[in-house]
Amino acid sequence: MTCRVIADFIFKEGEISKIIEIGEGDNGFQVTKDFKGCLGIDMSIDMDNPNRMILTETWKNRDDHAQYMKFRESQGPDGFLAKVISVLDADPKFVWAEVKGSWDK
């Protein structure tokens, strides 16, 4: 079943631009997009809190996302996930939801 993952990050003041830059690099969001089972990823910045990033990812299933997270964790202290975690101002929040419909324009 198709899984939507909503990842909510609040970064320390001034750090989000660095994460966006890293995310747009070779080991960032493109790696996520190309990972087995990823159907798409969107990044949003909160209009009321410019230090808050919300990633919305769509996966073929929750297991594919779990494998992706293991991969990111295996990259160690120089990996993308470690760089994100190092500049967070609060614990990240994740929501996993089964996709039941989509009404894109």
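Separating the CG atom in L81 from the NZ atom in K70 is a distance of 14.5 Å, to the nearest 0.5 Å. The NZ atom of K60 lies 15.5 Å from the NE2 atom of H65; values are rounded to the nearest 0.5 Å. Between the CG atom of N49 and the CZ atom of F11 there is a distance of 11.0 Å, given to the nearest 0.5 Å.
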- request: Before giving the answer on side chain to side chain contact (heavy atoms under 4.5 Å, CB included), spell out for I19 and F9 the whole-Å C-alpha distance, their side-chain angles and the decisive distance to 0.1 Å.
  value: CA-CA 11 Å; I19 293 301; F9 303 100; over 6 Å; no
- request: Show your reasoning for whether side chain to side chain contact (heavy atoms under 4.5 Å, CB included) applies to N27 and Q75.
  value: CA-CA 10 Å; N27 192 33; Q75 292 182 310; 3.1 Å; yes
message: Checking I20 against I45 for the side chain to side chain contact (heavy atoms under 4.5 Å, CB included) test, could you report, in this order, the C-alpha distance in whole Å, the side-chain angles of both residues, the deciding distance, and whether it holds?
response: CA-CA 10 Å; I20 292 170; I45 305 301; 4.0 Å; yes
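Taking 4.5 Å as the limit, some side-chain heavy atom of L39 sits within range of a side-chain heavy atom of T2. The shortest side-chain heavy-atom distance between L55 and F29 falls under the 4.5 Å cut-off. At a threshold of 4.5 Å between non-hydrogen side-chain atoms, the residues T32 and E57 count as touching.
The hydrophobic cluster analysis finds I10 isolated: no Ile, Leu, Val, Met, Phe, Trp or Tyr side chain comes under 4.5 Å of it, directly or through other members. Members clustered with I6: I54, V95, by chain and number, using a 4.5 Å side-chain heavy-atom cutoff among hydrophobic residues.
For Y68, the ring pair (Phe, Tyr, Trp, His ring centres under 6.0 Å) partners at least two apart in sequence or on another chain are F35, W59. With sequence neighbours left out, the salt bridge (charged side-chain N to carboxylate O under 4.0 Å, His left out) criterion links K33 to no other residue. Not counting sequence neighbours, D89 has no partner by the salt bridge (charged side-chain N to carboxylate O under 4.0 Å, His left out) test.
The two residues N61 and D64 make their nearest non-hydrogen contact at OD1-N, 2.8 Å. A pairwise comparison of heavy atoms in A82 and P77 identifies CB-O, 3.6 Å as the closest pair. When all heavy atoms of G28 and R72 are compared, the closest pair comes out as O-NH2, 2.7 Å.
Put simply, M43 and F94 are part of the same group of oily side chains (I, L, V, M, F, W, Y) that touch within less than 4.5 Å, one to the next.
Counting only residues at least two apart or in different chains, salt bridge (Lys or Arg N to Asp or Glu O under 4.0 Å) contacts with residues 2-28 comprise D8-R52, E15-K18.
Residue D34 places its CG atom among more than 12 non-hydrogen atoms of other residues, nucleotides or ligands, all under 6.0 Å distant.
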